[in-house]
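All remarks here apply to the structure that follows.
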Amino acid sequence: MKKRIERLRGMHDVLPEAYRRQSQVVDRVRALLEKAGYEPVDTPALERSDLFQASFGQEAWQNLYAFQLHQRELCLRPEYTASICRLYLEHYQQSSLPLRFQYVGPVFRYETPGRGRYRQHTQLGVELFGGQPLRADGEIVQLACDILHELGIARYRLELGHVGVASGFIERLHLDVQTARLLLSLMEQISRSPEGEQAAQARLEALYPERSLTPSLPAAEAGRGRRPASSDSSNQLVTALLNSFSLPFGDEDSRREIVERFLWKIGRSEQRALVFSALEFLRKLRALAGPPPEVFQELRQLLQSYQLDDDPLEELEQLVTTLMEVTGVDRRQITLNLALGRGVSYYTGLLFEIHASDEEGLDLQLCGGGRYDHLVEAVGGARGVRACGFAFGLERLISLMPASQWPQPARAQALVIPVGKHDLAYACRVARLARSEGGIIAELDVNARGVSNALRQASQHGFRLALIVGEEERQANTIRLHDLLSGEERLVAYRDLAVALREGGYRA
């Protein structure tokens, strides 16, 4: 028996009703975004792999559909933002700013499939290049909320963050680049749940085990970003110490390797103290997550205790005020979470996510976005460009739309039945006239099983009308209209068909 080839796990087929719904949502959202000045664009589904190196860390890279073909490293598009930045560099680099783009299309990630999560799904989003950051950030968050209101989704939660607080603290610790990136990438785990926080701690414990060769930094010093000096003087000190021992260390290269390994272990112990002070800071940020305006005062006190700039808080306060006044978002729908992480490394300022619950109470992330002022430069631009944007998951968005938002599906209204093989050409002309002039959905009977069988099948499939054409009708240039609900029949001239269909109430 021949083996049946099945659909790949994590992929899904889009059937007619789902396809119609997707098209309806895309059309409505596109119209809304075009009114705000966002021009539709698209990019290839296949890109060079290195385009996404600035977006995805080493761990996330294993979830991408990356492969080699003809000595080139290629990748199926895992998200749109980097691709739109490349599009900007290739076509719009000399254009005046701001520039507004909207897009919709498939993206691919090899993630564990789950409820509402596919390895291929559809992103619908915008990117805004240029503009004053606070105004541009406000525009994209408002647009994201406007899309939900347009689609009748009123119950959702808007989570706002700002990567500037956490990144500013981590930069002040002077950690190596890889460690700093690791901490920022773990923000997403830390912000999600206590279990995620525990997983992040376990990860750091494995990378920085508690085997200290030097005393740990006092908490206060670590919190203010101080670290012991480690320089050439340390190297000379360790070398002198080794020379005082009457031990055979071999040649100069061996001695140098021993010194470097010893200093590396000391450095690791220093890094551990700094890393876990950063983790503790992220914990405190997460613990203060809550609705405005009360949470702002608590966050300010925390930042003051760490001597950190509170400019990001002022930006968020203005954004919240604008959202409540302009978009009508209730403050109880807003959560401030300065430990919010988005899983990609290019964000530089505002971060936001929109969540909602399905019928069974399962939390679904509908939208995510933020500011990424360095990504254009990271993918090959001569300089950084201010930019921000967001993306919705179209499939999840559709799953939460109320039934009242879906119009009644258009059904086939007429079946055109040619009686004999010589009547086919005339039947095709009748079908085309019914569609173009009569404004109805008209299908041609392709079964050729006789008029009685055709009428029975049409009635079973919900057709309203049958248009029967045989030799007599063809010769007289007429059509026999058969009402499938009442059973009544009447002859109509070919030239009067459109009027008869309109006056008979057969149009959708």
Side-chain angles (χ1 to χ4, degrees), residues 12 14-43 45 77-81 83-85 87-88 98-108 116-118 120-129 131 136-159 322-323 326-329 333 342 350 352-358 364-372 387-410:
H12 66 291
V14 183
L15 303 183
E17 182 61 27
Y19 192 93
R20 276 192 291 269
R21 290 190 170 192
Q22 282 194 9
S23 299
Q24 290 168 10
V25 170
V26 169
D27 289 345
R28 290 171 66 178
V29 174
R30 273 188 165 165
L32 185 152
L33 293 174
E34 284 185 0
K35 289 177 182 176
Y38 285 81
E39 297 285 349
V41 295
D42 203 359
T43 63
R77 178 180 60 208
E79 53 102 44
Y80 261 95
T81 303
S83 291
I84 299 295
C85 287
L87 177 148
Y88 164 78
L99 288 169
R100 294 174 169 90
F101 301 117
Q102 60 163 302
Y103 57 82
V104 59
V107 295
F108 305 84
R117 178 190 296 168
Y118 304 104
Q120 175 188 332
H121 68 275
T122 310
Q123 274 193 354
L124 185 157
V126 305
E127 310 296 346
L128 169 55
F129 293 92
D137 291 347
E139 174 170 300
I140 65 165
V141 179
Q142 287 176 51
L143 275 176
C145 295
D146 287 343
I147 286 172
L148 294 175
H149 297 161
E150 166 68 21
L151 300 178
I153 302 173
R155 301 182 63 181
Y156 61 87
R157 176 172 55 86
L158 173 62
E159 193 168 3
T322 302
L323 287 172
V326 177
T327 313
V329 178
Q333 292 178 266
R342 290 274 306 119
L350 170 76
F352 73 95
E353 291 181 352
I354 299 178
H355 294 251
S357 298
D358 65 8
L364 296 177
Q365 183 188 324
L366 302 181
C367 177
R371 172 156 294 279
Y372 52 92
C388 56
F390 65 76
F392 279 93
L394 184 60
E395 290 81 2
R396 289 188 175 183
L397 197 59
I398 289 172
S399 72
L400 290 176
M401 287 178 60
S404 60
Q405 291 294 313
W406 301 115
Q408 289 298 316

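Heavy-atom basis, side chains included; hydrogens, waters and symmetry copies ignored.
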| query | Is the closest side-chain heavy-atom distance between V126 and R100 below 4.5 Å? | reply | no
| Heavy-atom closest contact (A144 atom, F392 atom, distance) | O-CZ, 3.5 Å
| For T43, what residues pass the side chain to side chain contact (heavy atoms under 4.5 Å, CB included) criterion, not counting sequence neighbours? | E47, R77, Y80, S83, I84, R86, L87
| task | Provide the closest heavy-atom pair for R396 versus Q365 in the form atom of the first, atom of the second, distance. | result | NH1-O, 3.1 Å
| With sequence neighbours excluded, residues passing side-chain hydrogen bond (donor to acceptor under 3.5 Å, both in side chains) with H12 | none
| query | Any idea how Y156 and H149 line up, ring-wise: parallel (<30°), tilted (30 to 60°), or perpendicular (>60°)? | reply | tilted
| task | Under the side chain to side chain contact (heavy atoms under 4.5 Å, CB included) rule, what do L323 and Q142 come out as? Steps first, then yes or no, please. | result | CA-CA 6 Å; L323 287 172; Q142 287 176 51; 3.8 Å; yes
| message | Return the CD1 to CG distance between I398 and L366, rounded to the nearest 0.5 Å. | response | 11.5 Å
| task | Mark yes or no for whether Q333, through its side chain, and A154, through its backbone, hold a donor-acceptor pair below 3.5 Å. | result | yes
| message | Using 0.5 Å steps for rounding, measure from the CH2 atom of W406 to the CZ atom of R21. | response | 5.0 Å
| request: Drop me the distance from L397's CG to L151's CG, to the nearest 0.5 angstrom. | output: 5.0 Å
| Side chains of V29 and V104: does their closest heavy-atom pair fall under 4.5 Å? | no
| said: Show the nearest heavy-atom pair for residues G389 and Y372, with the distance to one decimal. | reply: N-CE2, 3.8 Å
| Any side-chain heavy-atom pair from Q22 and E395 closer than 4.5 angstrom? | yes
| remark: Interatomic distance, CG@L124 vs CZ@F390, rounded to 0.5 Å, equals 7.5 Å
Identify each donor-acceptor pair in which a side-chain atom of residues 30-38 lies under 3.5 Å from a protein atom, sequence neighbours left out, and give them as a table.
from, atom 1, to, atom 2, distance (Å)
Y38, OH, E139, OE2, 2.5

| request: Test side chain to side chain contact (heavy atoms under 4.5 Å, CB included) on I147 and C367 and set out the steps. | output: CA-CA 11 Å; I147 286 172; C367 177; over 6 Å; no
| query | Within a strict 4.5 Å, meaning less than it, do heavy atoms of the V26 and T122 side chains meet? | reply | no
| query | Taking atom CZ of F352 and atom CD1 of I140, what is their separation to the nearest 0.5 Å? | reply | 4.5 Å
| message | Are the side chains of L128 and P98 in contact, using a 4.5 Å heavy-atom criterion? | response | yes
| request: Would you give the length of the straight line joining atom CZ of R157 to atom CD of E353, rounded to the nearest 0.5 angstrom? | output: 8.5 Å
